[in-house]
Amino acid sequence: MNLIQDLRWRGLVAQSTDEKALAEAVKKPITLYIGFDPTAPSLHVGNLVVLLVLRRFQLAGHNPIALVGGATGLVGDPSGRNDERTLNSNDVIEGWVKGIRIQLSAFLDFETRVNPALIVNNLDWTSPLSVIEFLRDIGKHFSVNQMLAKDSVAARLESGGISYTEFSYQVLQSYDYLELFRRNSCTLQIGGSDQWGNIVAGLDLIRRVESGNAHALTVPLLTKSDGSKFGKTAGGNIWLDPTMTSPYAFFQFWLNSEDKDVINFLKVFSFKSQEQISELEKSHAQNPGLRQAHRELAREVTTLVHGADAAVRVESAAQALFGQGDLTALDEPTLASALAELPRTTISKNQEIPSWVDLLAATGVVESKSAARRVVRDGGAYLNNERVTSPDYAPSKSEFLCGKYAVLRKGKRDLAAVEII
RNA sequence: GGCGGGUUGCCCGAGCGGCCAAUGGGAGGGGACUGUAAAUCCCCCGGCUUAUGCCUUCGAAGGUUCAAAUCCUUCACCCGCCA
């Protein structure tokens with residue numbers, strides 16, 4: 001089975017230019033790229049879909065380039081949005097570029113002799129360009145008629161309108177592709193399916209300027225079985241940055257996948273073989289309650305993103321704290337290391353112990369004390385797995401495990417820790 | 001530049017002087033049932049030292065009024081048509 005077939009099996013192919021030609025081309029090592037615009041301080045699980053495709057290509061012997069959009073991020077991609085982006089300052093974008101660069105590098109191999117990965121920033125070739133050069137050398141090859149016809153632009157003309165800035169985005173992205181075609185003989189660009197228009201515009205440019213032939217491949221927008229957006233939860237996005245989404249929360253995110261999604265997620269996010277995945281599918285069908293597939297998924301993705309140590313830590317933390325009615329049975333080291341993974345708050349030894357409501361609010365698990373009170377009133381409040389019923393309830397010192405820890409729980413699975421120091 | 005329409009809570013969207021912290025839907029939270037799943041049903045959903053209490057919200061700033069999301073003025077932004 002070749003790479004393209006495997007991608008297809010994993011549901012990772014939305015559109016491509018001439019698939020036969022592409023399948024033929026990837027028989028030999030090619031150079032390909034994917035762009036990531038800095039739209040936030042960190043990448044999120046949505047970006048992971050495409051990023052892992054890049055990794056799959058590298059594992060198959062191809063030369064991957066990850067492009068950070070230091071330039072395009074300043075302009076803003078209209079694709080998939082129905083309103084204009086607010087521009088961020090150069091400093092902010094620059095900071096994001098740095099962070100994202102580091103994140104990207106964790107998924108690629110730079111050491112290998114044969115096909116080392118490359119990270120580039122499109123600001124490097126865009127910023128030296130003068131306006132006149134841009135308009136004459138690049139702009140001349142674009143027809144406004146065609147630009148207007150792109151989905152991303154057409155949709156915006158329908159809804160909120162579009163600025164000249166964002167309208168120009170496709171030209172910049174096309175130029176990136178041309179530049180990488182020239183510099184690195186890059187002949188394949190991959191992106192999310194909303195990137196099709198931008199990528200194809202690049203192919204046109206390459207054909208016009210260099211009479212070159214290159215390929216495009218897009219990956220479907222990942223949705224959950226109910227059609228809702230993947231990767232969004234109550235707390236917002238699931239980020240790869242451990243300070244923005246803790247490894248514990250990250251692991252839980254995958255573990256809590258819906259049954260209907262889990263096999264699909266394994267195909268998209270894991271590097272397990274088809275045989276391994278169909279084994280898991282079988283075991284899941286036999287005993288869904290065991291959630292074998294969920295566990296494997298959570299383990300693998302957490303390991304990939306946060307490392308093996310973190311993955312083991314957060315899984316055993318969950319094991320120690322979950323379900324087990326009796327937390328007092330845990331020994332101190334186990335308890336301490338499990339709690340270390342949770343959102344937490346500390347109180348001082350001499351201080352009077354605040355109420356459950358105040359403690360929970362202090363951990364940041366709820367947005368306000370009112371919200372915490374509501375949880376108590378609705379019966380979703382727990383201290384060390386015992387339900388808290390009074391809104392004014394304040395734990396006593398004797399209730400602290402090992403004399404210093406308390407586990408707060410909101411609802412079924414939202415845990416937080418309190419430590420006396 | 002002219003004329004017209006718009007800006008409401010996380011999102012969509014009602015309200016058009018008092019009964020408005022503001023209808024409804026979605027998202028979200030809690031409970032029951034379960035498997036840290038889904039579906040279903042019930043409850044909640046601005047904040048505060050929980051209060052027939054106070055505070056802050058309906059683009060921004062002023063004004064009219066006993067009383068304004070609702071009326072007036074100015075400003076900002078968005079949309080449409082015309083130039």
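Every value quoted in this text rests on a predicted model; they were computed, and no experiment measured them. In what follows, chains carry the letters A, B, and so on, assigned in the order in which the sequence lines appear, proteins first and then strands, with residues in each chain numbered from 1.
- B:U70 and B:C82 have their C1' atoms separated by 31 Å, with the value rounded to a whole Å.
- Straight-line distance between the C1' atoms of B:U23 and B:G15: roughly 8 Å, to the nearest whole Å.
- Inter-residue side-chain proximity for A:Arg409 and A:Leu415 is flagged as met; some heavy-atom pair is nearer than 4.5 Å.
- Only the C1' atoms considered, B:U50 is 14 Å distant from B:C55, to the nearest whole Å.
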Contact state string [nucleotides 31-39 of chain B, B base, S sugar-phosphate only, - no protein heavy atom under 4.0 Å]: SSBBBBBS-

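- Comparing the C1' positions of B:U56 and B:C20 gives an interatomic distance of 14 Å, to the nearest angstrom.
- B:U40 is paired with B:A32 under the Watson-Crick or G-U wobble criterion, all donor-acceptor distances under 3.5 Å.
- Nucleic acid contact class of A:Arg373 (heavy atoms, under 4.0 Å, all strands): base.
- Comparing the P positions of B:A68 and B:G17 gives an interatomic distance of 14 Å, to the nearest angstrom.
- Rounded to a whole Å, the CG atom of A:Asp414 is 7 Å from the P atom of B:G30.
- The nearest whole Å value for the distance from the CG atom in A:Asp358 to the P atom in B:U49 is 7 Å.
- Among residues at least two apart or in separate chains, ring-ring contact (aromatic ring centres under 6.0 Å, His included) pairs with a member in residues 299-318 of chain A are A:Phe250-A:His306.
- Nucleotide B:A69 forms a pair with no other nucleotide shown, judged by Watson-Crick or G-U wobble geometry with both contacts under 3.5 Å.
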Name each donor-acceptor pair under 3.5 Å that joins a side chain in residues 50-60 of chain A to protein atoms two or more places apart or in another chain, with its distance.
residue	atom	partner	partner atom	Å
A:Arg55	NH1	A:Phe107	O	3.3
A:Arg56	NH1	A:Ser270	O	3.3
A:Arg56	NH2	A:Val268	O	2.7
A:Arg56	NH2	A:Ser270	O	3.1
A:Gln58	OE1	A:Asp109	N	2.9
A:Gln58	NE2	A:Asp109	O	2.8
A:Gln58	NE2	A:Asn115	O	2.9

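- Listed for the A:Arg344 side chain is no donor-acceptor partner under 3.5 Å among the backbone atoms of A:Ala417.
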Candidate pair A:Asp241 and A:Thr243, rule side-chain hydrogen bond (donor to acceptor under 3.5 Å, both in side chains), full reasoning: CA-CA 5 Å; A:Asp241 184 329; A:Thr243 64; 2.7 Å; yes

Which atom pairs, one a donor and one an acceptor, fall under 3.5 Å between side chains of residues 135-154 of chain A and the rest of the protein, sequence neighbours left out?
residue	atom	partner	partner atom	Å
A:His141	NE2	A:Asp137	O	3.2
A:Ser143	OG	A:Asn145	N	3.2
A:Ser143	OG	A:Gln146	N	3.1

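- Under the Watson-Crick or G-U wobble criterion, with both distances below 3.5 Å, B:A14 has no partner in any strand shown.
- Taking atom P in both B:C54 and B:A39, the straight-line distance is 42 Å, to the nearest Å.
- Classification of the A:Phe269-A:Phe265 ring pair by plane angle, with boundaries at 30° and 60°, yields perpendicular.
- B:C19: no Watson-Crick or G-U partner with both key distances under 3.5 Å is found in any strand.
- Pairing for B:U7 goes to B:A76, judged as Watson-Crick or G-U wobble with the two contacts each under 3.5 Å.
- Here the separation of B:U52 from B:A38, taken at their P atoms, is 38 Å to the nearest Å.
- Within residues 362-370 of chain A, the residues that place at least one heavy atom under 4.0 Å from RNA chain B are, in residue-number order, A:Ser368, A:Lys369, A:Ser370.
- Remark: the separation of the P atoms in B:G6 and B:C71 is 10 Å, to the nearest Å.
- Searching all strands for a Watson-Crick or G-U wobble partner of B:G46 with both distances below 3.5 Å returns B:C55.
- With a 6.0 Å radius and a threshold of 12 heavy atoms from other residues, nucleotides or ligands, A:Lys98 has its NZ atom at or below the threshold.
- Not one N or O on the side chain of A:Asp378 forms a donor-acceptor pair closer than 3.5 Å with the backbone of A:Gly380.
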In a table with atom names and distances, give each donor-acceptor pair under 3.5 Å that connects a side chain of residues 288-297 of chain A to protein atoms at least two apart or in another chain.
residue	atom	partner	partner atom	Å
A:His294	NE2	A:Ser257	O	3.0
A:His294	NE2	A:Asp259	OD1	3.3
A:Arg295	NH2	A:Leu290	O	3.3
A:Glu296	OE1	A:Lys272	NZ	3.3
A:Glu296	OE2	A:Arg299	NH1	3.3

